[in-house]
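In what follows, every chain begins at residue 1, and chains take the letters A, B, ... in the order their sequences are listed.
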There are 2 protein chains.
Amino acid sequence: MTKTPRDSRGPADYDLSRFPAFAVTVDVVILTMVESVLHVLLVQRGEAPFKGVWAIPGGFKRPTESLDEAAKRELVEETGVDAARLLAQFGAYGDPGRDPRMNVVTVGYLAVLRDVGSVVAGSDAAQADLVPVADVLEERIDLAFDHLMIIRDAVERARVELEVSGIATAFLGPTFTIAELRAVYEAIWGVQLDAANFRRSILGEDGWVIPVGRRARPGSSGGRPPELYRAGRAWRQSGPIHRTPTEERN
Amino acid sequence: MTKTPRDSRGPADYDLSRFPAFAVTVDVVILTMVESVLHVLLVQRGEAPFKGVWAIPGGFKRPTESLDEAAKRELVEETGVDAARLLAQFGAYGDPGRDPRMNVVTVGYLAVLRDVGSVVAGSDAAQADLVPVADVLEERIDLAFDHLMIIRDAVERARVELEVSGIATAFLGPTFTIAELRAVYEAIWGVQLDAANFRRSILGEDGWVIPVGRRARPGSSGGRPPELYRAGRAWRQSGPIHRTPTEERN
DNA sequence: GGAGTTTTGGTCATTACGACCAATACCTTA
DNA sequence: TAAGGTATTGGTCGTAATGACCAAAACTCC
């Protein structure tokens with residue numbers, strides 16, 4: 001906290017009115033994969049300021065809940081999905097002018113979901129949509145407040161998290177193919193990975209993926225039907241694939 | 001932001017009193033190196049609650065400043081050192097009961113200083129001291145509020161930052177020896193690194209350290225006087241030394 | 001001058017990894 | 001049913017990275 005003996009303000013006076021009051025909100029950047037392209041969930045604001053402008057979902061923190069609980073609640077309210085496992089805080093934002101109405105400090109959370117499409121469709125009142133993050137990062141879409149910066153930080157956090165934790169499988173269903181897993185890495189890092197080498201890295205050490213015995217149906221373009229796997233227990237330690245400064249694609 | 005169309009509360013009503021008010025503080029975890037041991041700067045609280053208990057320095061954010069500016073200001077007020085370059089936000093904390101007086105959300109910042117010793121000595125009013133982080137992490141020292149958790153997160157952040165950024169040279173002076181640089185890695189990661197291999201990794205690619213032409217005086221235990229170096233330009237990209245899961249020491 | 005300590009340089013085996021090629025297995029179309 | 005296409009799967013190989021270990025160099029202290 002909070003108050004040190006050297007602070008210039010008065011001594012033991014705990015009158016809240018003597019200290020600046022802030023509204024604290026929680027904003028959730030929801031990332032998901034649609035056809036091997038990284039998407040972010042945006043909602044269209046229904047009121048001023050920034051009425052009609054796209055924004056990331058969020059809401060006020062309640063005094064009786066923690067920040068994590070607030071983020072989890074907002075996620076459920078927005079998508080109906082209870083994905084508490086994949087919810088990481090990545091930053092706080094409190095620039096003086098970021099909200100024209102009042103002093104607001106917001107805490108950004110990153111959530112990774114699979115197949116959020118149907119959930120979004122069921123979302124009634126809000127105009128919600130999944131848009132490619134590339135459209136956001138390259139500023140083809142206007143965002144409210146400082147949400148562009150927030151999404152930038154969230155995506156960067158996702159890139160790092162992909163390397164050090166098991167965030168990759170969170171984008172996928174309970175069973176998946178090696179190619180689907182590789183598509184996650186390629187989409188988030190913006191690189192092209194060799195299919196054979198990627199496979200070797202994943203299967204080389206065991207604990208990452210476990211063959212489930214079945215085969216998936218090949219895509220519409222034919223090809224050999226791939227083996228199906230499920231996530232192993234090693235994902236929460238550290239990721240199996242690491243970025244290299246070379247072979248950049250994007 | 002803040003407010004989405006699906007939020008359950010009322011529509012365009014921007015009366016601040018309708019939303020829960022929080023105090024927002026900034027707490028700074030100041031890490032430094034004392035004789036190859038990682039230390040954290042703590043202050044002894046002069047008022048209730050937690051009067052006389054050790055805590056990390058911090059203070060209230062002002063509505064006219066950003067979070068980064070608040071952290072920088074607190075750092076200057078506490079240590080007199082203007083080390084704005086090495087100041088990274090690592091987390092926000094807002095559990096309901098974390099401050100018994102009122103609703104406080106705090107944002108944690110990590111600051112890395114070199115040779116903060118004299119600065120601390122000059123700090124008058126506050127009882128300030130540098131304590132080994134090991135004493136804190138192993139709970140040999142009681143801390144106020146949730147500051148133990150905050151320091152835990154800060155140290156973990158420092159460990160990661162050491163790998164991906166040039167945080168290492170921030171612990172050292174303008175010129176340093178390879179052994180001093182290695183000591184930083186060994187202290188923060190709690191590992192033992194081979195001196196020869198470390199040297200090769202640092203000097204192998206250029207851009208990390210630049211020989212300054214002079215030699216340092218050997219330590220009290222004698223030995224060959226080491227070459228002096230200064231930090232190169234490559235440190236802000238990514239770190240030269242990476243952790244390996246093996247050879248753990250601590 | 002010798003012992004001790006630290007830096008600095010060298011060798012070597014192992015591993016990791018990217019580039020590339022080829023075989024396999026299935027679908028689609030003719 | 002046969003041929004072509006596509007994606008998966010397996011293999012080889014050269015290079016880079018790295019850890020273990022040894023030894024020489026340089027200086028201080030006794």
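For the pair A:Pro225 and B:Ala195, both in contact range of DNA chain C, the more 5′-proximal nearest nucleotide belongs to B:Ala195.
Rounded to whole angstrom, the span from the CD atom of B:Gln192 across to the P atom of D:dC21 amounts to 13 Å. Between the CD atom of B:Glu186 and the P atom of C:dT6 there is a distance of 12 Å, rounded to whole Å. Between the CD1 atom of A:Ile178 and the C1' atom of D:dG10 there is a distance of 13 Å, given to the nearest Å. Rounded to whole angstrom, the span from the CZ atom of A:Arg199 across to the P atom of D:dG11 amounts to 10 Å. Rounded to whole Å, the distance from OH on A:Tyr185 to P on C:dG18 is 13 Å. When rounded to the nearest whole Å, the span between CZ of A:Phe198 and P of C:dC17 equals 13 Å. Atom CG of B:Leu193 is separated from atom P of D:dA20 by 10 Å (rounded to the nearest Å). Residue A:Phe176 contributes atom CZ, which lies 16 Å from atom C1' of D:dT8 at whole-angstrom precision.
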Between the protein and nucleotides 1-7 of chain D, list every N/O to N/O distance that falls short of 3.5 Å.
{"from": "D:dT6", "atom 1": "O4'", "to": "A:Ser221", "atom 2": "O", "distance (Å)": "3.4"}
{"from": "D:dT6", "atom 1": "O2", "to": "A:Gly223", "atom 2": "N", "distance (Å)": "3.2"}
{"from": "D:dA7", "atom 1": "OP1", "to": "A:Ser221", "atom 2": "OG", "distance (Å)": "3.2"}

Would you list the protein and nucleotides 10-14 of chain C atom pairs, both N or O, that sit under 3.5 Å from each other?
{"from": "C:dG10", "atom 1": "N7", "to": "B:Arg200", "atom 2": "NH1", "distance (Å)": "3.4"}
{"from": "C:dG10", "atom 1": "O6", "to": "B:Arg200", "atom 2": "NH2", "distance (Å)": "3.3"}

Residues A:Glu139, A:Leu148; criterion side chain to side chain contact (heavy atoms under 4.5 Å, CB included); working and verdict: CA-CA 8 Å; A:Glu139 303 188 31; A:Leu148 173 59; 3.9 Å; yes
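Sparse packing is recorded around CG of A:Asp142, with 12 or fewer heavy atoms of other residues, nucleotides or ligands lying under 6.0 Å away.
For the atom pair OH of A:Tyr229 and CG of A:Leu203, the computed distance is 4.5 Å after rounding to the nearest 0.5 Å.
Legend: residues meeting side chain to side chain donor-acceptor pair (under 3.5 Å) with A:Arg157, ordered by chain and number and at least two apart, are A:Glu161.
In this structure a side-chain-to-backbone donor-acceptor pair under 3.5 Å is present from A:Tyr109 to A:Asp68. Judged purely by atom type and a 3.5 angstrom limit, A:Thr175 has no side-chain atom pairing as donor or acceptor with the backbone of A:Leu228.
Looking at B:Arg182 and B:Glu186, a side-chain N of the basic residue comes within less than 4.0 Å of a carboxylate O on the acidic one, giving a salt bridge.
Between A:Phe198 and A:Tyr185, the ring centre distance stays below 6.0 Å.
The aromatic rings of A:His147 and A:Phe145 are tilted relative to each other, their planes meeting at an angle between 30° and 60°.
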